[in-house]
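Structure, as structure tokens:
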Amino acid sequence: MDFRIEHKDTASGARAGVISLPHGDVPTPIFMPVGTVGSVKGVFHRDLAGDIDAKIILGNTYHLYLRPGTDVLEKAGGLHRFSAWDRPLLTDSGGFQVFSLAQNRKITQGGCEFRSHIDGSKHLFTPERVVDIQRSIGADIMMAFDECPPGTAEYAYAARSLALTNQWLERCFERHASTRPLYGYEQTLMPIVQGCVYEDLRLKSAEYVKTFNADGYAIGGLAVGEPAEEMYRMIEVVNSVLPQDRPRYLMGVGTPENLLEAIERGVDMFDCVMPTRNGRNGMLFTGEGIINIRNKKWQDDFSPIDPGGTSFVDRTYTKAYLRHLTIAGEMLAAEIASIHNLAFYLWLVRTAREKIAEGTFAGWKKTMTGKLSNRL
RNA sequence: GGGAGAAUACCAGAGUGGCCAAAUGGGGCAGACUGUAAAUCUGCUGACGUACGUCUUCGGUGGUUCGAAUCCAUCUUCUCCCA
């Protein structure tokens, strides 16, 4: 993996660059749609690669290991071929499931034992196993196995957790170095900075991950219950340490506003379920603000979903029609909203990139953030 | 013409003397959702008040009772059965 910075914003930490991966180039800043089980829910690859123009999407190690399993993935020739997605792919390690499936898992020094949310069977995830699974999946970018503690974690817990994540990180890199890709292209491994909302832990963690001389660095454990201001502060702390010339990936974030704030602070990559999940639940993100399409006020609004939108759904369908579909529980509603939201997120980062290149990012960001969280 | 049964909130439908402004479901209205156990979850849904609460409701009317959606009389409407 290669990263080339093309423009730096003079007034902030924002940068615009290009990440080169085996399956293609990724302009940064970038938003990566989440496709946990090998599918960005409700969206055809045709539309992902078309109007949405997603440059890279996510898969999840934990979920793909449980279903369809590594045997099938290897027989298929990896997730790219299995799912017919020929652009770059990043897999999360299962570290987030240590957080989100906290009731179904037990952490030990060796790893994390999950009780499958599907059938209750037990599965031990070790750092080594997690790297192996990601080899089977064949992601361009694999993530280290970490523990993602909740945003409310106490200092003592956060410190212990970080120590464990660091041990796991070392084992991930050892495994990565001692194994080869299965499908003939390189897979890079990204370490993850943890440390909750504690500045000294974040600094320590950032210093530690830096010693692995990775192609890129992720910031994890944010947007998990702590106030947004804390998150922004942690990003600043961490990015003051992480190498300037490598991409920074803020995991699991976030709202459109979160993205702009983080871009301003030097973050290059994002992923979040928000555009898809919230879309399925009737929430639309637009350049003018947020729409809850279920609200009665859209009942007879026959204007396009988003006149400023970049996807075909924005021009084709009206708010009133989408509201009807959403309330009727039609699956088309989820598809339309997902396509719209993803197209908006990709538009947002694409435009941020242009503004950085033009040197007008600060002003644009100010205008945008004033509108993004409006309730329409 | 005779007989039986039923009428409850937007709809369906429990409740059959006080714990009932009335279960539950649907519908309606609003909210939540951040490396996806989520096409999911939560709240409200008679009126007025933030709230303790007060007032008006269970087809109509009139009774019985300390107290009625619940018991009685009667009227209305509907359903079914027999002629």
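Here is the naming used below: chain letters follow the sequence lines, and residue numbers restart at 1 for every chain. Basis for what follows: all heavy atoms, side chains included, without hydrogens, waters or symmetry-related copies.
- Using a 4.0 Å heavy-atom distance criterion, R375(A) is classed as a sugar-phosphate-only contact.
- Residue contacts shown for G221(A) include a base, since a base heavy atom lies under 4.0 Å away.
- Judged by distance alone with a 3.5 Å cut-off, no donor-acceptor contact links the side chain of N292(A) to the base of G31(B).
- The partner of A83(B) cannot be assigned: no Watson-Crick or G-U wobble pair with both contacts below 3.5 Å exists in any strand.
- Using the Watson-Crick or G-U wobble rule with both distances under 3.5 Å, G18(B) pairs with C66(B).
- Under the Watson-Crick and G-U wobble criteria, each requiring two contacts below 3.5 Å, nucleotide G53(B) is paired to C48(B).
- Contacts of T326(A) with the nucleic acid, taken as non-hydrogen atoms under 4.0 Å apart, are absent.
- Distance, L64(A) CG to G35(B) P: 16 Å, rounded to whole Å.
- Atom name P, nucleotides U8(B) and G15(B): the rounded distance is 14 Å, in whole Å.
- Between the C1' atom of A32(B) and the CD1 atom of I291(A) lies a distance of 18 Å, rounded to the nearest Å.
- Nearest to the side chain of N281(A), among U34(B), A37(B), A39(B), sits A39(B).
- Under the Watson-Crick or G-U wobble criterion, with both distances below 3.5 Å, A73(B) is paired with U61(B).
- Using modelled atom types, one finds a donor on one side chain and an acceptor on the other under 3.5 Å when comparing S20(A) with D25(A).
- With hydrogens and angles left out, the side-chain atoms of Y155(A) and D200(A) include a donor and acceptor closer than 3.5 Å.
- Of all nucleotides present, only G5(B) satisfies the Watson-Crick or G-U wobble test against C78(B), with each distance under 3.5 Å.
- For the P atom pair drawn from C29(B) and U79(B), the interatomic distance equals 33 Å after rounding to whole Å.
- Nearest-nucleotide positions on RNA chain B for K297(A) and F96(A) put K297(A) closer to the 5' end.
- Looking at heavy-atom distances under 4.0 Å, I118(A) makes no contact with the nucleic acid at all.
- Annotation: of the two residues near RNA chain B, Q194(A) and K296(A), the 5′-most nearest-nucleotide partner is K296(A).
- Atom name C1', nucleotides G2(B) and C66(B): the rounded distance is 42 Å, in whole Å.
- For G35(B), neither phosphate oxygen OP1 nor OP2 lies less than 4.0 angstrom from any side-chain nitrogen or oxygen of Q97(A).
- For R294(A) against G31(B), a side-chain N or O and a base N or O form a donor-acceptor pair under 3.5 Å.
- Side-chain nitrogen and oxygen atoms of R277(A) include at least one within less than 4.0 Å of the OP1 or OP2 phosphate oxygen of U34(B).
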(request) Take F99(A) and F96(A) through the test ring pair (Phe, Tyr, Trp, His ring centres under 6.0 Å) and record every step on the way to the result. (result) CA-CA 5 Å; F99(A) 163 73; F96(A) 186 70; 5.3 Å; yes
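- Within the structure, salt bridge (Lys or Arg N to Asp or Glu O under 4.0 Å) contacts touching residues 67-89 of chain A (residues at least two apart or in different chains) are D53(A)-R87(A).
- Comparing the same atom, C1', in G49(B) and in G35(B) gives a spacing of 47 Å after rounding to whole Å.
- N60(A) comes within contact range of the sugar-phosphate backbone alone, with a heavy-atom separation under 4.0 Å but no base atom that close.
- Taking atom P on both nucleotides, A4(B) is separated from G18(B) by 28 Å, rounded to a whole Å.
- As a whole-Å value, the separation of M283(A) CE from A39(B) P is 17 Å.
- Spacing between atom CD1 of I293(A) and atom P of C29(B) amounts to 13 Å, rounded to whole angstrom units.
- Between the side chains of Y345(A) and H340(A), no donor N or O sits under 3.5 Å from an acceptor N or O.
- Side-chain proximity of C272(A) to the nucleotides U34(B), U36(B), C29(B) is greatest for U34(B).
- By the 4.0 Å N-to-carboxylate-O rule, R180(A) lies close enough to E186(A) to be salt-bridged with it.
- Between H7(A) and F361(A), the gap from one ring centroid to the other reaches at least 6.0 Å.
- Across R248(A), R246(A), R15(A), a single residue satisfies side chain to side chain donor-acceptor pair (under 3.5 Å) together with D268(A), and that is R15(A).
- With C1' as the reference atom, U65(B) and A32(B) are 50 Å apart, rounded to whole Å.
- Between E199(A) and R202(A), no side-chain nitrogen of the basic residue sits less than 4.0 Å from a carboxylate oxygen of the acidic one, so the salt-bridge criterion is not met.
- On the P atoms, C33(B) is 15 Å away from U42(B), given to the nearest whole Å.
- Applying the 4.0 Å criterion to OP1 and OP2 of A37(B), one finds that S100(A) has a side-chain N or O inside that range.
- N278(A) places its CG atom 8 Å from the C1' atom of U34(B), with the value rounded to the nearest Å.
- Spacing between C48(B) and A21(B) at atom C1', rounded to whole Å, works out to 14 Å.
- In this structure, H324(A) places its NE2 atom 11 Å from P of G28(B), rounding to the nearest Å.
- Scanning residues 123-131 of chain A for heavy-atom distances under 4.0 Å to RNA chain B yields an empty list.
- Between E261(A) and R265(A) there is a salt bridge, since at least one side-chain N of the basic residue sits less than 4.0 Å from a carboxylate O of the acidic one.
- Remark: N295(A) is not in phosphate contact with C29(B), judged by side-chain N or O atoms under 4.0 Å from OP1 or OP2.
- Using a 4.0 Å heavy-atom criterion, one finds that I327(A) contacts the sugar-phosphate atoms exclusively.
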